[in-house]
Amino acid sequence: MAASIIDGRAVAKEVRAEVAGEVEAFRKAHGYPPGLAVIIAGDDPASRVYVSSKKKMCENLGIHSEEYAMPASTGQEELIATIRNLNNDKRIHGVLVQLPLPNHLDEGEVLETIDPRKDVDGFHPVSVGNFVVGKEAFVPCTPLGIMRLIKKTGMEIKGKRAVVVGRSNIVGKPVAMLLLAQHATVTICHSRTVDLPGVCREADILVAAIGRPEMLDGSYIKPGAVVIDVGVNEVGRTEEGKRILVGDVKFDEAKEIASHITPVPGGVGPMTIAMLMRSTMDAAWRAVGKGGCGCSCKS
Ligand code: GUN
(Lines give C-alpha, C1' and ligand atoms only; values in the text may rest on other atoms or scores of the structure.)
Protein backbone atom coordinates (compact mmCIF):
# COMPACT_ATOMS: atom_id res chain seq x y z
CA MET A 1 0.00 0.00 0.00
CA ALA A 2 1.32 3.45 -0.87
CA ALA A 3 2.44 5.67 2.02
CA SER A 4 0.30 8.41 3.53
CA ILE A 5 1.52 11.80 2.44
CA ILE A 6 2.37 14.09 5.37
CA ASP A 7 0.84 17.45 4.48
CA GLY A 8 3.27 20.09 5.75
CA ARG A 9 1.09 22.93 4.50
CA ALA A 10 -1.84 21.71 6.62
CA VAL A 11 0.28 21.16 9.74
CA ALA A 12 1.93 24.59 9.31
CA LYS A 13 -1.54 26.11 9.13
CA GLU A 14 -2.44 24.48 12.45
CA VAL A 15 0.71 25.89 14.06
CA ARG A 16 -0.05 29.37 12.69
CA ALA A 17 -3.60 29.22 14.03
CA GLU A 18 -2.30 28.21 17.47
CA VAL A 19 0.23 31.06 17.44
CA ALA A 20 -2.32 33.63 16.18
CA GLY A 21 -4.54 32.81 19.19
CA GLU A 22 -1.62 33.30 21.57
CA VAL A 23 -0.58 36.57 19.89
CA GLU A 24 -4.05 37.92 20.58
CA ALA A 25 -3.98 36.72 24.20
CA PHE A 26 -0.52 38.25 24.68
CA ARG A 27 -1.58 41.58 23.19
CA LYS A 28 -4.68 41.68 25.40
CA ALA A 29 -2.66 40.92 28.51
CA HIS A 30 0.26 43.28 27.82
CA GLY A 31 -1.02 45.96 25.45
CA TYR A 32 1.63 45.30 22.79
CA PRO A 33 2.31 42.35 20.45
CA PRO A 34 5.27 39.96 20.30
CA GLY A 35 8.02 41.40 18.08
CA LEU A 36 10.56 39.87 15.69
CA ALA A 37 13.52 41.65 14.08
CA VAL A 38 15.10 40.15 10.98
CA ILE A 39 18.47 41.38 9.76
CA ILE A 40 19.67 40.68 6.25
CA ALA A 41 23.02 41.80 4.87
CA GLY A 42 23.57 41.68 1.13
CA ASP A 43 21.23 40.74 -1.67
CA ASP A 44 21.25 36.97 -1.95
CA PRO A 45 17.98 36.35 -3.86
CA ALA A 46 16.96 33.23 -1.90
CA SER A 47 17.59 35.02 1.42
CA ARG A 48 15.48 37.97 0.26
CA VAL A 49 12.59 35.63 -0.50
CA TYR A 50 12.87 33.96 2.93
CA VAL A 51 13.02 37.31 4.74
CA SER A 52 9.98 38.72 2.98
CA SER A 53 8.05 35.50 3.74
CA LYS A 54 8.96 35.83 7.42
CA LYS A 55 7.80 39.45 7.45
CA LYS A 56 4.54 38.61 5.70
CA MET A 57 3.83 35.76 8.10
CA CYS A 58 4.39 38.10 11.08
CA GLU A 59 1.88 40.54 9.60
CA ASN A 60 -0.67 37.75 9.09
CA LEU A 61 -0.39 36.61 12.70
CA GLY A 62 -0.31 40.07 14.30
CA ILE A 63 3.36 39.86 15.31
CA HIS A 64 5.24 43.16 15.14
CA SER A 65 8.12 42.79 12.67
CA GLU A 66 11.11 44.91 11.79
CA GLU A 67 13.37 44.28 8.85
CA TYR A 68 16.94 45.59 8.75
CA ALA A 69 18.13 45.29 5.14
CA MET A 70 21.80 46.21 5.13
CA PRO A 71 24.04 46.45 2.07
CA ALA A 72 26.56 43.70 1.25
CA SER A 73 29.32 46.18 2.14
CA THR A 74 28.09 46.49 5.76
CA GLY A 75 30.96 46.31 8.24
CA GLN A 76 31.16 43.92 11.16
CA GLU A 77 30.90 46.75 13.73
CA GLU A 78 27.76 48.17 12.16
CA LEU A 79 26.07 44.78 12.11
CA ILE A 80 27.08 44.07 15.71
CA ALA A 81 25.81 47.50 16.79
CA THR A 82 22.44 46.83 15.11
CA ILE A 83 22.10 43.53 16.99
CA ARG A 84 23.04 45.16 20.32
CA ASN A 85 20.36 47.82 19.83
CA LEU A 86 17.78 45.10 19.19
CA ASN A 87 18.97 43.13 22.23
CA ASN A 88 18.03 46.21 24.29
CA ASP A 89 14.73 46.93 22.53
CA LYS A 90 11.77 45.96 24.73
CA ARG A 91 9.39 45.67 21.77
CA ILE A 92 11.57 43.01 20.15
CA HIS A 93 11.45 39.47 21.54
CA GLY A 94 13.19 37.60 18.72
CA VAL A 95 16.30 38.62 16.73
CA LEU A 96 17.31 36.70 13.65
CA VAL A 97 20.22 37.26 11.26
CA GLN A 98 19.54 35.68 7.90
CA LEU A 99 22.35 33.38 6.74
CA PRO A 100 24.54 33.17 4.74
CA LEU A 101 26.31 36.43 5.48
CA PRO A 102 28.65 38.11 2.97
CA ASN A 103 32.09 36.47 3.18
CA HIS A 104 33.91 39.34 4.88
CA LEU A 105 31.64 39.15 7.95
CA ASP A 106 32.41 36.92 10.92
CA GLU A 107 29.30 34.74 11.26
CA GLY A 108 30.35 33.25 14.60
CA GLU A 109 30.80 36.64 16.25
CA VAL A 110 27.53 37.91 14.76
CA LEU A 111 25.50 34.97 16.07
CA GLU A 112 27.16 35.18 19.49
CA THR A 113 26.11 38.83 19.78
CA ILE A 114 22.41 37.91 19.76
CA ASP A 115 21.02 37.78 23.30
CA PRO A 116 20.28 34.04 23.87
CA ARG A 117 16.87 35.09 25.29
CA LYS A 118 16.03 36.46 21.83
CA ASP A 119 17.82 33.78 19.78
CA VAL A 120 14.72 32.39 18.05
CA ASP A 121 16.89 30.64 15.43
CA GLY A 122 18.68 28.68 18.18
CA PHE A 123 22.10 29.21 16.56
CA HIS A 124 23.87 30.84 19.53
CA PRO A 125 26.35 28.42 21.19
CA VAL A 126 24.60 29.06 24.53
CA SER A 127 21.29 27.94 22.98
CA VAL A 128 22.95 24.88 21.47
CA GLY A 129 24.61 23.97 24.78
CA ASN A 130 21.46 24.43 26.85
CA PHE A 131 19.46 22.40 24.37
CA VAL A 132 21.97 19.53 24.37
CA VAL A 133 22.02 19.30 28.17
CA GLY A 134 18.21 19.41 28.31
CA LYS A 135 17.73 22.95 29.64
CA GLU A 136 15.23 25.44 28.26
CA ALA A 137 16.59 26.78 24.98
CA PHE A 138 15.58 27.86 21.53
CA VAL A 139 15.99 25.15 18.92
CA PRO A 140 16.42 25.70 15.16
CA CYS A 141 13.07 25.96 13.41
CA THR A 142 13.36 23.29 10.71
CA PRO A 143 14.11 20.50 13.23
CA LEU A 144 11.17 21.69 15.37
CA GLY A 145 8.96 21.46 12.28
CA ILE A 146 10.23 17.97 11.50
CA MET A 147 9.28 16.80 15.00
CA ARG A 148 5.76 18.16 14.54
CA LEU A 149 5.42 16.26 11.29
CA ILE A 150 6.63 13.00 12.82
CA LYS A 151 4.22 13.43 15.75
CA LYS A 152 1.42 13.99 13.27
CA THR A 153 1.90 10.48 11.85
CA GLY A 154 0.95 9.02 15.25
CA MET A 155 4.09 6.88 15.34
CA GLU A 156 5.51 6.57 18.84
CA ILE A 157 9.13 7.77 18.71
CA LYS A 158 10.24 6.08 21.95
CA GLY A 159 12.46 3.08 21.29
CA LYS A 160 12.45 3.49 17.51
CA ARG A 161 15.53 3.46 15.31
CA ALA A 162 16.01 6.91 13.76
CA VAL A 163 18.57 7.64 11.08
CA VAL A 164 19.46 11.21 10.15
CA VAL A 165 21.39 11.67 6.92
CA GLY A 166 23.28 14.98 7.14
CA ARG A 167 25.14 16.60 10.02
CA SER A 168 24.56 20.34 9.58
CA ASN A 169 24.19 22.61 12.61
CA ILE A 170 20.85 23.86 11.27
CA VAL A 171 19.14 20.51 10.61
CA GLY A 172 21.05 17.24 11.03
CA LYS A 173 22.58 17.67 14.48
CA PRO A 174 19.59 19.37 16.17
CA VAL A 175 17.00 16.97 14.74
CA ALA A 176 19.12 14.06 15.97
CA MET A 177 19.14 15.59 19.46
CA LEU A 178 15.38 16.15 19.40
CA LEU A 179 14.79 12.53 18.39
CA LEU A 180 17.15 11.40 21.15
CA ALA A 181 15.25 13.55 23.66
CA GLN A 182 12.13 11.63 22.62
CA HIS A 183 13.96 8.33 23.36
CA ALA A 184 14.71 7.22 19.79
CA THR A 185 17.95 5.33 19.12
CA VAL A 186 19.64 7.74 16.77
CA THR A 187 22.33 7.35 14.12
CA ILE A 188 23.74 10.36 12.25
CA CYS A 189 25.10 9.55 8.78
CA HIS A 190 27.11 11.65 6.34
CA SER A 191 29.11 11.48 3.13
CA ARG A 192 31.67 9.10 4.61
CA THR A 193 29.26 6.64 6.19
CA VAL A 194 30.03 3.09 5.07
CA ASP A 195 27.03 1.22 3.60
CA LEU A 196 24.65 4.18 3.79
CA PRO A 197 21.75 2.23 2.19
CA GLY A 198 22.15 -0.54 4.77
CA VAL A 199 22.15 1.90 7.71
CA CYS A 200 19.13 3.77 6.30
CA ARG A 201 17.25 0.47 5.86
CA GLU A 202 17.36 0.03 9.65
CA ALA A 203 15.45 3.29 10.16
CA ASP A 204 11.89 3.36 11.46
CA ILE A 205 12.28 7.13 11.12
CA LEU A 206 14.48 8.37 8.28
CA VAL A 207 15.38 12.07 8.00
CA ALA A 208 17.15 13.03 4.77
CA ALA A 209 18.99 16.37 4.94
CA ILE A 210 21.97 16.12 2.64
CA GLY A 211 21.07 18.36 -0.30
CA ARG A 212 21.62 15.70 -3.00
CA PRO A 213 18.72 15.42 -5.45
CA GLU A 214 16.86 12.09 -5.07
CA MET A 215 19.91 10.31 -3.67
CA LEU A 216 17.92 8.03 -1.35
CA ASP A 217 16.05 5.63 -3.62
CA GLY A 218 13.80 2.74 -2.63
CA SER A 219 16.78 0.61 -1.60
CA TYR A 220 17.35 2.97 1.39
CA ILE A 221 13.86 2.60 2.83
CA LYS A 222 12.68 0.12 5.47
CA PRO A 223 9.11 -1.10 4.85
CA GLY A 224 6.74 0.96 7.02
CA ALA A 225 9.26 3.71 7.79
CA VAL A 226 8.34 7.36 8.35
CA VAL A 227 10.39 9.29 5.78
CA ILE A 228 11.08 13.02 6.25
CA ASP A 229 12.67 14.70 3.25
CA VAL A 230 14.36 18.01 4.08
CA GLY A 231 15.99 18.42 0.66
CA VAL A 232 15.06 21.32 -1.58
CA ASN A 233 17.05 20.81 -4.76
CA GLU A 234 16.43 22.77 -7.93
CA VAL A 235 16.86 20.46 -10.91
CA GLY A 236 15.67 22.78 -13.68
CA ARG A 237 13.03 25.24 -14.74
CA THR A 238 9.69 24.84 -16.46
CA GLU A 239 9.05 26.61 -19.77
CA GLU A 240 7.43 29.39 -17.73
CA GLY A 241 10.63 29.75 -15.70
CA LYS A 242 9.23 28.13 -12.53
CA ARG A 243 11.76 26.23 -10.43
CA ILE A 244 11.51 22.43 -10.55
CA LEU A 245 12.26 21.15 -7.03
CA VAL A 246 13.00 17.63 -5.84
CA GLY A 247 13.97 16.35 -2.41
CA ASP A 248 16.83 14.14 -1.26
CA VAL A 249 14.55 11.09 -1.52
CA LYS A 250 13.29 9.44 -4.71
CA PHE A 251 9.68 10.07 -3.81
CA ASP A 252 7.95 7.72 -6.29
CA GLU A 253 10.00 4.72 -5.12
CA ALA A 254 10.00 5.57 -1.41
CA LYS A 255 6.26 6.13 -1.20
CA GLU A 256 5.63 2.51 -2.22
CA ILE A 257 7.67 1.27 0.75
CA ALA A 258 7.27 3.85 3.56
CA SER A 259 4.21 4.20 5.82
CA HIS A 260 4.37 8.02 5.79
CA ILE A 261 6.40 10.41 3.67
CA THR A 262 6.78 14.17 3.22
CA PRO A 263 6.50 15.56 -0.31
CA VAL A 264 8.80 18.22 -1.82
CA PRO A 265 7.51 20.86 -2.01
CA GLY A 266 4.76 20.95 0.63
CA GLY A 267 6.38 18.85 3.37
CA VAL A 268 9.07 20.23 5.66
CA GLY A 269 9.40 23.58 3.84
CA PRO A 270 6.21 25.27 5.08
CA MET A 271 6.97 24.22 8.67
CA THR A 272 10.13 26.29 9.10
CA ILE A 273 8.54 29.74 9.13
CA ALA A 274 5.54 28.49 11.12
CA MET A 275 7.91 27.24 13.82
CA LEU A 276 9.79 30.56 13.74
CA MET A 277 6.48 32.22 14.62
CA ARG A 278 6.04 29.62 17.40
CA SER A 279 9.52 30.38 18.79
CA THR A 280 8.94 34.15 18.60
CA MET A 281 5.74 33.67 20.58
CA ASP A 282 7.65 31.55 23.12
CA ALA A 283 10.31 34.28 23.40
CA ALA A 284 7.61 36.84 24.16
CA TRP A 285 6.01 34.62 26.82
CA ARG A 286 9.38 34.06 28.43
CA ALA A 287 10.13 37.79 28.40
CA VAL A 288 7.06 38.34 30.58
CA GLY A 289 7.97 35.43 32.82
CA LYS A 290 5.56 32.85 31.42
CA GLY A 291 7.31 29.52 30.69
CA GLY A 292 7.09 28.15 27.21
CA CYS A 293 10.09 26.71 25.49
CA GLY A 294 11.20 26.45 21.90
CA CYS A 295 11.50 22.70 22.08
CA SER A 296 8.99 20.19 20.80
CA CYS A 297 7.54 19.31 24.21
CA LYS A 298 4.30 21.17 23.51
CA SER A 299 3.81 19.74 20.05
N1 GUN B 1 19.36 30.47 6.08
C2 GUN B 1 18.86 29.27 5.73
N3 GUN B 1 18.05 28.79 6.70
C4 GUN B 1 18.07 29.69 7.69
C5 GUN B 1 17.43 29.75 8.96
O6 GUN B 1 16.69 28.86 9.39
N7 GUN B 1 17.70 30.87 9.70
C8 GUN B 1 18.53 31.85 9.25
N9 GUN B 1 18.74 32.88 10.06
N10 GUN B 1 19.13 31.82 8.09
C11 GUN B 1 18.90 30.74 7.32
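Just follow the structure's listing: the first ligand is 1, and inside any ligand the first atom is 1. Numbers for residues simply follow the sequence, beginning at 1.
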Problem - Atoms of ligand 1, numbered as shown, that sit under 4.0 Å from any heavy atom of Leu96 - result: 9 (N)
Completion exercise
dist Ser259:OG -> Met155:CE (nearest 0.5 Å) comes out at 5.0 Å
Exercise for the section: Among Arg91, Glu24, Arg27, find the one that has a side chain to side chain contact (heavy atoms under 4.5 Å, CB included) with Pro33. Expected result: Arg27
Exercise for the section: Assert yes or no for the condition that the ring centre distance of His93 to Phe26 is strictly below 6.0 Å. Expected result: yes
Completion exercise
The protein heavy atom nearest to atom 4 (C) of ligand 1 is Gln98 NE2, 4.2 Å
Practice task
Indicate yes or no: does Arg237 engage Glu234 in a salt bridge with an N to O separation below 4.0 Å.
Solution key: yes
Handout entry: Inter-residue atom distance Lys55.NZ - Asn60.CG, 0.5 Å rounding
Key = 12.5 Å
Completion exercise
re atom 8 (C) of ligand 1, the protein heavy-atom contact at minimum distance is Asp121 OD2, 3.3 Å
Practice task
Test the Arg117-Phe138 pair against the cation-pi criterion, namely NZ or CZ under 6.0 angstrom from the six-membered ring centroid and within 45° of the ring axis.
Solution key: no
Fill in the blank from the handout: Quick look: Leu99 vs ligand 1, heavy-atom contacts under 4.0 Å, and the answer is both
Practice task
State the atoms of ligand 1, each with its element, that fall below the 4.0 Å cut-off from a heavy-atom position in Val97.
Solution key: 8 (C), 9 (N)
Exercise for the section: Could you tell me whether Leu276 approaches ligand 1 through its side chain, its backbone, both or neither, with non-hydrogen atoms closer than 4.0 Å? Expected result: neither
Exercise for the section: With heavy atoms under 4.0 Å as the rule, classify the contact between Tyr50 and ligand 1 as side chain, backbone, both or neither. Expected result: neither
